[in-house]
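Structure first, commentary second.
Proteins come first, then strands; the chains are lettered A, B, ... in the order of their sequence lines, and each starts at number 1.
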Number of protein chains: 2
Amino acid sequence: MGTTQLETVPEPKYWHLKTVIGEALDSDFAVGEILPNERELAARFGVARATLRQALEQLELEGRLQRRRGVGTTVAPPRVGVDVSTTQHSWPGVGEDTWQSVDSADDTAPAAVARLLDIEPTARVHVVRRLRVTEGQPVAAELLYVPAGSVPGLVEADASGGPARARAVLRELRQLTLDGQDRSVELGSARADDARELDRLPGAPVLVVTTRYLSEGRTAAVSVATYRADTCRLTFGDSGDLAMAS
Amino acid sequence: MGTTQLETVPEPKYWHLKTVIGEALDSDFAVGEILPNERELAARFGVARATLRQALEQLELEGRLQRRRGVGTTVAPPRVGVDVSTTQHSWPGVGEDTWQSVDSADDTAPAAVARLLDIEPTARVHVVRRLRVTEGQPVAAELLYVPAGSVPGLVEADASGGPARARAVLRELRQLTLDGQDRSVELGSARADDARELDRLPGAPVLVVTTRYLSEGRTAAVSVATYRADTCRLTFGDSGDLAMAS
DNA sequence: TAGTGGTCTAGACCACCCT
DNA sequence: GGGTGGTCTAGACCACTAG
């Protein structure tokens with residue numbers, strides 16, 4: 001009674017913190033600059049460390065911060081745009097140096113991938129592992145699933161399993177005519193092995209790009225590429241050189 | 001000494017929990033089924049609630065769970081694929097019922113958008129708000145920024161600001177010839193207003209799709225659409241009907 | 001009003017990186 | 001060894017939903 005209702009909007013503390021720190025990032029910090037450590041920041045803002053961490057996590061999710069254990073928290077550079085437009089791609093590995101072949105193995109495909117390939121979950125496929133590197137930094141790890149039926153010409157002898165084997169699978173795949181591809185993008189979290197190659201912790205947020213390569217009415221191969229969500233912006237340059245023309 | 005080193009891999013508890021619960025989800029639960037509450041689950045697994053929550057958060061991020069305050073945690077249905085292929089789009093709002101116009105206002109564009117539009121940050125633009133609904137559920141909220149110069153024919157009188165105004169802006173925009181568009185996808189967190197329209201909490205993870213509409217060598221409009229990352233899989237059907245043919 | 005998930009605290013210890 | 005972020009605990013209270 002008699003008291004004026006003073007903004008009784010219980011905005012969470014971590015949300016407010018995120019805003020405040022975000023603004024400070026714009027005005028007071030340069031890219032690459034290192035922030036005070038979490039314990040000090042928490043004390044400075046008068047909150048528990050867990051609460052501060054919630055704010056930092058959000059900022060990291062948005063690509064504004066970068067945190068490394070044992071090192072500290074730094075201001076992240078703007079996200080790099082990585083081209084995932086389909087016209088650029090054609091078959092995987094055509095004269096591209098953006099992807100590095102890592103190795104290849106024979107294995108079964110995960111259930112979801114087997115469904116896309118329309119094969120039995122127990123059927124064996126070639127699994128090619130590749131890594132995409134941009135400006136010296138790994139940005140994506142890919143698993144390319146190729147059913148044996150798609151590469152009948154592949155000689156089985158060379159079972160070295162190394163990069164040479166991976167390139168051999170890709171070379172055979174290119175013998176097919178590519179009729180088209182579909183692509184989808186969704187949010188995921190990095191599996192342990194992907195995380196290691198991407199220099200992140202397991203569970204880090206990633207953008208999962210799934211591509212079906214179609215040939216002769218069938219799905220000839222499926223690629224599952226996981227991109228670092230913190231540092232990457234996926235671009236689909238559907239106009240591309242058109243913007244340059246005229 | 002004398003003790004055999006027993007798998008001293010300090011896999012985080014929450015990571016292990018996530019795996020265990022994820023497997024249980026596959027085998028013991030049906031879509032829509034409600035899980036025991038967090039306090040009980042934590043007790044059952046012998047961990048603190050915060051630790052259990054870390055596991056649930058990951059599963060929610062991957063679209064496997066859905067949590068609602070005051071209600072409970074349920075098993076999420078598979079993500080819905082929403083088509084964001086550019087051929088389908090042409091100008092925004094051409095005979096589509098997937099998008100609902102909400103309203104339109106005159107405002108300045110955020111700095112990042114002003115840069116894409118190549119206009120002054122203080123220049124006024126039409127901001128059209130739209131909502132994308134799929135199967136009765138809101139999946140995306142969009143802000144379409146249209147510089148006044150792109151819609152010279154727009155009559156200023158009708159400043160109602162409601163859906164009618166929004167449709168008028170779109171109608172005028174369609175007078176231009178569309179030369180092409182660029183699109184990019186990145187991870188973000190929902191702003192308060194988007195979160196409300198998407199029926200999520202502020203900060204919820206979203207996929208931000210930014211589109212530049214090009215006309216006569218200029219950027220005629222910019223769309224920033226935020227899709228619910230938990231329930232959506234963005235699809236780029238670059239083959240589409242090709243898969244149907246032959 | 002009872003029960004749910006969301007926020008917050010004040011500690012502790014661990015894994016990792018640098019010097 | 002000293003400092004960083006990452007994990008974990010055992011509590012407490014709040015905001016929301018439903019019966």
Side-chain angles (χ1 to χ4, degrees), chain A residues 7-19 21 32-61 64-76 189-190 192 195-196 199-205 230, chain B residues 7-19 21 32-61 64-76 189-190 192 195-196 199-205 230:
Chain A
E7 284 297 343
T8 174
V9 188
E11 185 183 51
K13 274 189 190 176
Y14 76 90
W15 185 261
H16 183 239
L17 264 183
K18 185 198 124 178
T19 308
I21 297 176
E33 195 168 345
I34 184 165
L35 268 62
N37 71 54
E38 296 183 350
R39 288 159 180 88
E40 170 159 354
L41 281 176
R44 193 179 295 185
F45 287 109
V47 298
R49 191 177 152 219
T51 304
L52 175 88
R53 279 180 58 83
Q54 234 179 316
L56 297 187
E57 266 152 33
Q58 285 245 359
L59 288 166
E60 189 178 31
L61 198 78
R64 317 252 338 242
L65 289 180
Q66 199 160 347
R67 301 193 288 170
R68 272 174 307 171
R69 168 155 52 179
V71 178
T73 302
T74 57
V75 181
S189 50
R196 198 168 350 95
D199 192 25
R200 299 256 53 199
L201 290 176
D230 55 344
Chain B
E7 284 298 341
T8 175
V9 187
E11 184 184 52
K13 274 189 189 177
Y14 76 90
W15 185 261
H16 183 239
L17 264 183
K18 184 197 125 178
T19 308
I21 297 176
E33 195 167 346
I34 183 165
L35 267 63
N37 71 55
E38 295 182 350
R39 289 161 180 86
E40 168 159 356
L41 280 177
R44 193 180 295 184
F45 287 110
V47 299
R49 182 155 79 112
T51 304
L52 176 87
R53 278 179 59 81
Q54 234 180 316
L56 295 187
E57 265 151 34
Q58 286 247 358
L59 288 167
E60 190 179 30
L61 198 79
R64 316 253 339 241
L65 288 180
Q66 198 161 348
R67 300 193 289 171
R68 272 174 307 170
R69 168 157 48 177
V71 180
T73 301
T74 56
V75 180
S189 50
R196 198 168 350 94
D199 192 27
R200 300 254 56 199
L201 290 176
D230 54 345

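- The CD-C1' distance, from Q58(B) to dG6(D), rounds to 13 Å in whole Å.
- Listed pair Y14(B) / dC8(D) fails the phosphate criterion, with no side-chain N or O lying under 4.0 Å from OP1 or OP2.
- Going from atom CD of E40(B) over to atom P of dG5(C) covers 10 Å, rounded to whole Å.
- From L65(B), atom CG reaches atom OG1 of T74(B) across 7.5 Å, with rounding to the nearest 0.5 Å.
- The salt bridge (Lys or Arg N to Asp or Glu O under 4.0 Å) check on E33(B) picks up nothing, with sequence neighbours excluded.
- Comparing dG6(C), dT7(D), dC8(C) against the side chain of L201(B) picks out dG6(C) as the nearest.
- Distance, E57(A) CD to dT7(C) P: 12 Å, rounded to whole Å.
- Rounded to an integer number of Å, the gap from CD of Q54(A) to C1' of dG5(C) is 13 Å.
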Output the pairing pattern of DNA chain D as a dot-bracket string, 5' first, Watson-Crick or G-U wobble with both distances under 3.5 Å, | for cross-strand pairs, [ ] for crossing pairs. ||||||||||||||||||.
Evaluation steps, side-chain contact (heavy atoms from CB on, under 4.5 Å), between L52(B) and I21(B): CA-CA 10 Å; L52(B) 176 87; I21(B) 297 176; 4.1 Å; yes
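- Proximity of L41(B) to T73(B): side-chain heavy atoms (C-beta onward) are nowhere separated by under 4.5 Å.
- For D199(A), the side chain to side chain contact (heavy atoms under 4.5 Å, CB included) test picks out R228(A), with sequence neighbours left out.
- Between T73(B) and the phosphate of dT4(C), there is no side-chain N or O to OP1/OP2 separation shorter than 4.0 Å.
- Atom CD of E11(B) is separated from atom C1' of dC8(D) by 15 Å (rounded to the nearest Å).
- Proximity of N37(B) to the phosphate of dG3(C): no side-chain N or O atom is located under 4.0 Å from OP1 or OP2.
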Per-nucleotide protein contact along nucleotides 9-19 of chain C, 5' to 3', at a 4.0 Å heavy-atom cut-off (B base, S sugar-phosphate only, - neither), is B--BB-BBB--
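- Applying the side chain to side chain donor-acceptor pair (under 3.5 Å) criterion to Q66(A), with sequence neighbours excluded, gives no partner residue.
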Would you list the atom pairs, donor with acceptor, under 3.5 Å between side chains in residues 53-60 of chain A and any protein atom, with sequence neighbours excluded?
unit_1, atom_1, unit_2, atom_2, d
R53(A), NH1, E38(A), OE1, 3.2
R53(A), NH1, E38(A), OE2, 3.0
Q58(A), OE1, S189(B), OG, 3.4
E60(A), OE1, R67(A), NE, 3.4
E60(A), OE2, R67(A), N, 3.4
E60(A), OE2, R200(A), NH2, 3.4

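- Take P202(A) and apply the side chain to side chain contact (heavy atoms under 4.5 Å, CB included) test, not counting sequence neighbours, and it matches A195(A), W15(B).
- Across the protein-nucleic acid pair, I34(A) atom CD1 and dT4(D) atom C1' stand 8 Å apart, rounded to whole Å.
- Remark: C1' of dT4(D) and CG of L56(A) are 13 Å apart, rounded to the nearest angstrom.
- Close to dG5(D), at under 4.0 Å from its OP1 or OP2, lies no side-chain N or O of R53(A).
- By the side chain to side chain contact (heavy atoms under 4.5 Å, CB included) test, R39(A) is found to be paired with N37(A), R49(A), residues two or more places apart in sequence or in another chain being considered.
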